[in-house]
There are 2 protein chains.
Amino acid sequence: MQKKKTSTRTVTRARAAKVAPGTGSRSAATRERILDAAEKLFAERGYHGVSIRDVTGAADVDVALVSYHFGSKQGLLEAVFLRRAADLNDERLALLDAVLASGGRRAPRLEDLIDAFTRPLLDRSTRGSPGWKSYFALIAEINNSPEFGGVLMTRFFDPVVQRFIEAIRRALPQCDDRDLYWAYHFLSGALTLTFAETGRIDKLSGGVCRSSDLASVHERLVPYCAAGFRALCVSGQARARARAKRGRA
Amino acid sequence: MQKKKTSTRTVTRARAAKVAPGTGSRSAATRERILDAAEKLFAERGYHGVSIRDVTGAADVDVALVSYHFGSKQGLLEAVFLRRAADLNDERLALLDAVLASGGRRAPRLEDLIDAFTRPLLDRSTRGSPGWKSYFALIAEINNSPEFGGVLMTRFFDPVVQRFIEAIRRALPQCDDRDLYWAYHFLSGALTLTFAETGRIDKLSGGVCRSSDLASVHERLVPYCAAGFRALCVSGQARARARAKRGRA
DNA sequence: GTTGAAATTCAACGAACGTTCAACTAAATT
DNA sequence: AATTTAGTTGAACGTTCGTTGAATTTCAAC
């Protein structure tokens with residue numbers, strides 16, 4: 001199964017392609033076209049549900065360019081993921097710093113922290129380029145997928161998440177770490193499903209709720225999760241007291 | 001694109017296959033084998049990430065049997081979905097009725113309702129056959145997928161969900177319907193991500209939390225979501241008061 | 001034991017899959 | 001103007017895809 005071709009000159013080019021060929025100016029445009037199309041299609045039908053030809057067809061570009069620019073289909077997925085992650089993480093951290101700075105030495109307000117974590121998604125989905133909606137739908141699928149969930153999400157987002165959890169720990173200093181992490185986990189599930197906009201709640205509610213009305217959802221997501229964090233905090237202390245009592249008995 | 005074959009005798013058999021061929025006893029066993037393998041693989045790699053040959057290979061069965069028993073690959077997915085849905089829904093409704101009955105005329109406790117909705121998942125994932133874990137992972141992917149999320153979930157689960165929301169409405173009679181539905185939406189996201197067991201929280205928490213320790217998660221999921229429901233309820237009333245005040249002004 | 005339907009097997013269909021290669025174009029370097 | 005290089009193209013590679021038709025086996029009813 002090893003490559004037998006004693007390839008001659010072309011090897012250097014192929015190797016170079018694997019690294020990252022795009023520095024020229026006219027390549028950047030086609031790279032973006034491919035990323036836009038891939039983002040949309042991956043979000044709609046999932047990674048395996050989309051062929052490279054689907055992507056290049058939608059981008060009106062030759063098939064071979066995916067391998068050339070991104071090395072492989074998997075490389076394309078990671079590039080899609082990476083493209084918007086930096087921007088998203090940057091604003092999240094900026095908002096987090098602003099919340100922490102405005103409070104001075106005082107503990108930050110829990111609602112402000114959750115808002116700083118989630119508002120960048122709201123802003124981009126409602127006012128950003130339409131690609132952001134696809135991006136968030138893709139993240140929702142990835143986040144819930146055993147195949148990619150534990151890998152891609154961790155790599156691209158966990159450093160920022162860690163900083164938020166540290167801040168939340170300051171807001172709820174008496175809270176057990178396990179309760180803190182699980183509370184974040186629930187927030188993560190609610191958040192990704194919300195910004196995936198699958199439309200299921202529209203049918204379920206008979207039109208009372210609209211997935212696309214993200215401002216209304218976000219307005220509710222923050223108090224919902226803040227209350228959840230606090231409840232876990234107190235119920236965790238109750239559990240600890242019960243354990244201590246059992247220990248003494 | 002229409003079938004030109006003036007097919008003679010075999011048509012009756014083929015038609016019958018589309019409906020549901022399995023009544024014989026030895027067919028039931030192979031059907032189950034196929035469903036088990038499909039459930040596991042769909043959960044691991046998603047619908048499009050699994051080929052029919054992957055499934056029949058794992059089930060040690062001929063390729064053609066999927067078309068014979070389930071009509072098509074999509075038919076197989078729906079059969080996987082349907083197989084455990086009835087059992088799950090039945091116990092959910094039984095627990096719901098028990099909660100409502102035990103309370104008599106009084107409003108049910110919110111925590112009891114959320115527990116009735118979620119505990120059947122906990123029981124089956126921890127004590128049921130291992131196929132249940134795959135099933136819940138598959139549901140998580142479907143729930144967050146634009147392609148299937150709004151269709152399959154609605155068809156198989158929404159009737160039961162509606163009954164729960166009615167019961168929750170009795171527990172929070174002053175709560176606005178929009179707040180109620182959105183609160184359920186957040187619960188749904190947290191629930192599906194939890195039982196998907198993607199393992200992401202294990203890495204994020206550095207081992208403090210374990211996805212596989214579902215009893216600990218469930219113990220926290222209930223108070224988290226109950227507090228969320230109540231918080232939405234009161235913040236919804238605050239919003240209503242604010243709207244009324246603006247109206248008078 | 002024969003019959004007949006249900007279940008299974010085998011082989012193959014055309015289409016689509018991800019990837020690669022050599023040839024070609026266009027821009028930058030000398 | 002000549003040469004190099006990044007970018008693009010079209011074609012093809014071998015493989016796998018979902019599905020199908022016909023032949024074969026299994027098993028219960030007669």
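So you know, we letter chains A, B, ... as the sequences are listed, proteins then strands, and number each from 1. Everything numeric here is computed off the predicted structure, so don't read it as measured data.
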Respond yes when some side-chain nitrogen or oxygen of A/Thr30 is under 4.0 Å from OP1 or OP2 of D/dT8, and no when none is.
-> yes
Using a cut-off of less than 4.0 Å, is there contact between a side-chain N or O of B/Ser27 and OP1 or OP2 of C/dA6?
-> no
Take atom [atom1] of [X] and atom [atom2] of [N], then tell me their distance rounded to the nearest Å.
X       : N      : atom1 : atom2 : result
B/Ile34 : C/dT8  : CD1   : C1'   : 10 Å
B/Lys73 : D/dT20 : NZ    : P     : 15 Å
B/His69 : C/dT9  : NE2   : C1'   : 12 Å
A/Tyr47 : C/dC17 : OH    : P     : 13 Å
B/Leu77 : D/dG18 : CG    : C1'   : 15 Å
A/Asp62 : D/dA12 : CG    : C1'   : 12 Å
B/Leu65 : C/dA6  : CG    : P     : 16 Å
A/Leu41 : C/dG18 : CG    : P     : 12 Å

Can you tell me if CZ on B/Arg83 sees more than 12 non-hydrogen neighbours from other groups inside 6.0 Å?
-> yes
Is it the case that more than 12 heavy atoms not belonging to B/Lys40 sit under 6.0 Å from its NZ atom?
-> no
Determine whether [X] and [Y] make a side-chain contact, defined as any pair of heavy atoms from C-beta on separated by less than 4.5 Å.
X        : Y        : value
B/Leu187 : A/Tyr224 : yes
B/Phe156 : B/Leu152 : yes
A/Arg220 : B/Arg178 : yes

Between [options], which nucleotide gets closest to the side-chain atoms of [X]?
X       : options                : answer
A/Tyr68 : D/dT19, C/dT20, D/dA6  : D/dA6
A/Ser51 : D/dT19, C/dT9, C/dG18  : C/dG18
B/Ala64 : D/dT9, D/dG21, C/dT19  : D/dG21
A/Ser67 : D/dT20, C/dT20, C/dG18 : C/dT20
B/Arg53 : C/dT8, C/dA12, D/dT9   : C/dA12

Base, sugar-phosphate, or nothing for A/Val55, non-hydrogen atoms under 4.0 angstrom?
-> nothing
